[in-house]
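Just so you know, ligand 1 is whichever comes first in the structure, and atom 1 is the first atom listed for that ligand. Being a predicted model, the structure only gives us computed values, none of them experimental.
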Amino acid sequence: MMTRQVELVERLKGYDPNADEDLLNRAYAFSMKVHGSQTRLSGDPFFSHPLEVAFLLVDLRLDCYSIVTALLHDTVEDTLATFEEIQDLFGPEIAKLVDGVTKISLLALQSEKTQQAENFCKLVLAMSTDIRVLLVKLADRLHNMRTLHFIPSPEKRWRIARETMDIYVPLSERMGMQSYKDELEDLAFAQLNPEARDSVLSRLKFLHETTENPVGQIMAELKNAIETADIKATISGREKTPCSIWVKMQSKNIAFEQLSDIMAFRIAVDSVKQCYQVLGTIHSSYSVVPGRFKDFISTPKSNGYQSIHTTVIGPLNHRIEIQIRTHEMHRIAELGVAAHWQYKQGESHDGRQYAWLRGLLEIMEQASGPEEFLEHTKLEMFQDQVFCFTPKGDLISLPRGATPIDFAYAVHSAVGDHTVLVKINGRQMPLRTVLQNGDQVEIITSKTQSPSPTWERFVITGKARSRIRRFIRTQQRQQFLELGRSILQKGFSNDPMALSEKNLHETAKRLNHNSIDDLYVAVGEGLQTVRDVMRAAYPEQVKAVPDFPKEKQAKEKQDSRDTAIPIKKLIEGMAVHYAGCCHPLPGDKITGIVTTGKGVTIHTQDCEVLDIFSESERIIELAWEDELNLQNCYAGRLKITFLNKPGSLASVSTTMSQQGANIANIKVTNRTIDFWDVLMDIEVKDVNHLKNVIASLRALSIINSVERI
Ligand code: MN
């Protein structure tokens with residue numbers, strides 16, 4: 001008697017005489033050895049499962065590597081065997097295929113709780129860089145579904161059936177594998193809705209009892225009609241599957257009795273020309289049901305499916321659907337992508353690697369228009385999307401190039417708003433990291449965190465961008481409001497009464513503002529000056545309001561502590577900006593210039609820009625708050641010249657870190673054989689902190705000069 005092992009080898013060699021028999025035998029022995037005494041719930045040895053999967057793929061006439069992968073597909077996940085071991089014993093290509101199948105299986109486990117089947121399908125496709133991975137996985141699922149009834153736990157059976165219905169049925173349909181689709185669907189349906197399936201089956205039984213073998217009778221009549229036209233054809237007939245009948249009953253909300261076309265017939269012929277001849281014969285013999293005719297031969301479906309569909313009132317007055325196609329179209333319709341991957345004699349081994357891709361390309365060439373073409377590229381790979389998991393296993397679909405901030409906003413806007421840091425696959429990563437397929441993304445949030453204007457530079461989703469912008473706008477208004485209030489308080493310091501709510505309200509109205517807040521914002525934004533407000537506040541003295549006397553300003557400079565506007569609450573980058581020319585630090589004496597629509601730009605008091613700035617009413621005195629929050633959040637710029645020798649740059653940066661200063665940016669402006677000139681932006685607490693950094697740098701022997709810019 002032939003053993004299963006011999007049978008497998010014989011059948012493979014039957015269609016691929018050059019198959020690597022030794023490789024197949026080694027895989028068989030290895031898989032049997034590592035699965036050892038493991039058993040399935042059916043009581044069979046576990047090894048029977050990979051073996052059956054291998055036979056399913058032999059039925060599809062797949063290549064030797066696919067069969068070997070089938071034998072090994074559960075070894076890495078379920079036994080002590082490792083990826084490295086598979087690689088050593090069977091080579092990198094097999095190892096890659098086994099790894100692919102294992103990864104998809106693990107994904108399935110991870111996503112147990114998710115309902116996002118559509119995304120999941122795309123993820124599986126995106127991860128199957130080799131179509132054989134997907135074919136092995138589908139055969140694996142088919143065998144597991146055939147043996148599903150051995151699993152005792154109803155919940156587990158239900159879960160597997162649900163996953164099959166949601167993911168593997170649409171996948172096999174997408175790949176054009178009708179026979180896999182029908183069987184998987186029926187097995188899952190039996191599990192998910194046994195009552196519905198039973199009721200459809202009993203109605204079908206009733207139909208058989210009332211009409212003696214309707215399918216057979218109709219087939220005989222059709223055969224007659226076609227033979228009269230002298231065409232050689234293969235006719236097959238079947239009832240539609242219980243699941244598709246049930247879906248139709250539900251979607252059209254009709255009872256079984258009203259459902260007339262439960263029988264489908266298929267006529268296969270040799271040539272396309274004969275397809276249309278058969279169509280003519282059928283249409284002249286029976287009445288056509290309008291609106292049901294579809295010609296997928298001249299316009300193939302996106303998965304490559306070709307056939308003519310029509311519905312007629314056929315023999316016995318039954319409404320029947322008829323599909324007409326060539327034998328070759330039929331083979332492709334049943335096997336889909338697998339048909340393109342089947343072993344064909346005479347093909348060189350090199351090219352076979354890409355055979356499935358070529359198969360898809362062939363389909364594409366037959367496709368009729370750009371939409372069809374797009375459909376195919378979608379089927380091939382979802383290049384424009386990435387799929388990532390939350391720590392709970394929920395799947396989030398994002399456009400390619402998305403970052404953790406996009407991810408956070410996709411989860412929930414509150415998560416996005418409060419993002420502090422991110423862990424990708426367990427490791428802390430920068431927020432600007434571009435996410436990859438299958439990444440597990442954990443967002444760490446804090447109630448005190450709020451969206452940063454810098455995020456806007458790297459997010460790519462509309463949702464994230466609009467949330468960040470909206471936040472900045474609200475925040476900015478608040479900042480302008482605070483600033484405007486401070487400016488007015490200072491401007492009216494001689495007449496605090498003018499700032500009473502009643503007076504302000506009147507003033508705001510005269511300046512066409514709806515509220516006092518709007519007035520503050522306008523002043524903070526620089527749209528209105530203190531003088532504008534004064535004129536509105538004392539309309540009767542319009543002429544009397546003098547320009548800011550220059551002397552008064554100069555006087556203020558001397559005791560700015562008392563009259564200056566505190567900027568403590570203001571956030572850099574919103575209502576206030578630090579000037580790029582002088583890099584002011586806490587401790588420096590500072591002055592602000594109100595810029596229309598932008599708020600205040602802060603300069604050091606000795607900055608040259610102030611000397612050339614003439615509009616005195618836009619200049620305001622500012623002061624740092626005494627109580628500074630001691631974080632390194634101010635950037636000071638240093639120009640450093642040091643010896644060009646190994647370790648110099650390291651000494652500079654070590655000294656800075658010893659002083660607790662953070663390097664924000666480095667620019668090499670000049671490098672000669674003996675010296676480096678660099679510009680460094682370093683983050684410090686205040687001006688004293690920076691002075692300390694400069695002093696300790698100057699103490700280094702390699703330093704030629706350090707200057708603050
Ligand atoms: Mn398996």
Side-chain angles (χ1 to χ4, degrees), residues 4-5 8 24 27-60 62-83 85-86 89-90 94-112 120-121 123-125 127-128 130-153 156-169 171-172 175 177 180-181 183-184 187-188 191 338:
R4 292 289 269 166
Q5 181 172 9
L8 190 67
L24 190 69
Y28 188 101
F30 178 81
S31 179
M32 188 148 82
K33 187 187 91 191
V34 293
H35 284 298
S37 57
Q38 290 174 341
T39 52
R40 306 197 90 213
L41 288 161
S42 60
D44 288 337
F46 187 92
F47 177 64
S48 67
H49 165 66
L51 187 58
E52 288 308 318
V53 176
F55 272 106
L56 282 171
L57 296 177
V58 165
D59 289 341
L60 292 178
L62 292 198
D63 74 328
C64 179
Y65 278 28
S66 307
I67 313 299
V68 168
T69 304
L71 288 172
L72 300 172
H73 82 271
D74 275 331
T75 56
V76 174
E77 198 192 332
D78 292 342
T79 77
L80 294 173
T82 62
F83 174 80
E85 212 173 335
I86 301 287
L89 290 169
F90 303 100
I94 296 280
K96 223 180 120 193
L97 291 170
V98 173
D99 189 48
V101 181
T102 308
K103 275 193 180 133
I104 292 178
S105 308
L106 291 175
L107 283 174
L109 282 176
Q110 218 180 32
S111 73
E112 256 174 54
F120 198 85
C121 281
L123 175 64
V124 170
L125 278 178
M127 292 192 74
S128 308
D130 189 312
I131 197 73
R132 289 173 293 180
V133 167
L134 210 47
L135 292 171
V136 174
K137 186 64 207 167
L138 284 176
D140 173 43
R141 179 52 59 121
L142 182 58
H143 184 247
N144 283 335
M145 285 302 292
R146 282 179 181 175
T147 51
L148 187 68
H149 55 279
F150 289 114
I151 294 176
S153 151
K156 196 173 176 197
R157 283 201 307 266
W158 196 87
R159 178 183 66 70
I160 295 172
R162 184 80 257 164
E163 196 180 74
T164 301
M165 194 62 109
D166 288 346
I167 293 158
Y168 294 99
V169 168
L171 265 182
S172 36
M175 294 169 69
M177 300 170 73
Y180 269 54
K181 186 220 154 196
E183 189 175 350
L184 286 170
L187 289 165
Q191 190 60 52

**Q.** Pairs flagged by salt bridge (Lys or Arg N to Asp or Glu O under 4.0 Å) wherever residues 32-45 is involved - sequence neighbours left out
**A.** none

Q: Please identify each residue that fulfils side-chain hydrogen bond (donor to acceptor under 3.5 Å, both in side chains) with T164, with sequence neighbours left out.
A: R141

Q | T102 side-chain N/O to V98 backbone N/O, donor-acceptor pair under 3.5 Å | A | yes

Q | With Q38 via side-chain hydrogen bond (donor to acceptor under 3.5 Å, both in side chains) - residues at least two apart | A | H35

Q | Within-2.8 Å protein N/O/S contacts of the Mn ion (ligand 1) | A | H49 NE2, H73 NE2, D74 OD2, D140 OD1

Q.
Any heavy-atom pair between the side chains of D99 and V76 that's under 4.5 Å?
A. no

Q. side-chain contact (heavy atoms from CB on, under 4.5 Å) between L8 and R4: does it pass, once the steps are laid out?
A. CA-CA 6 Å; L8 190 67; R4 292 289 269 166; over 6 Å; no

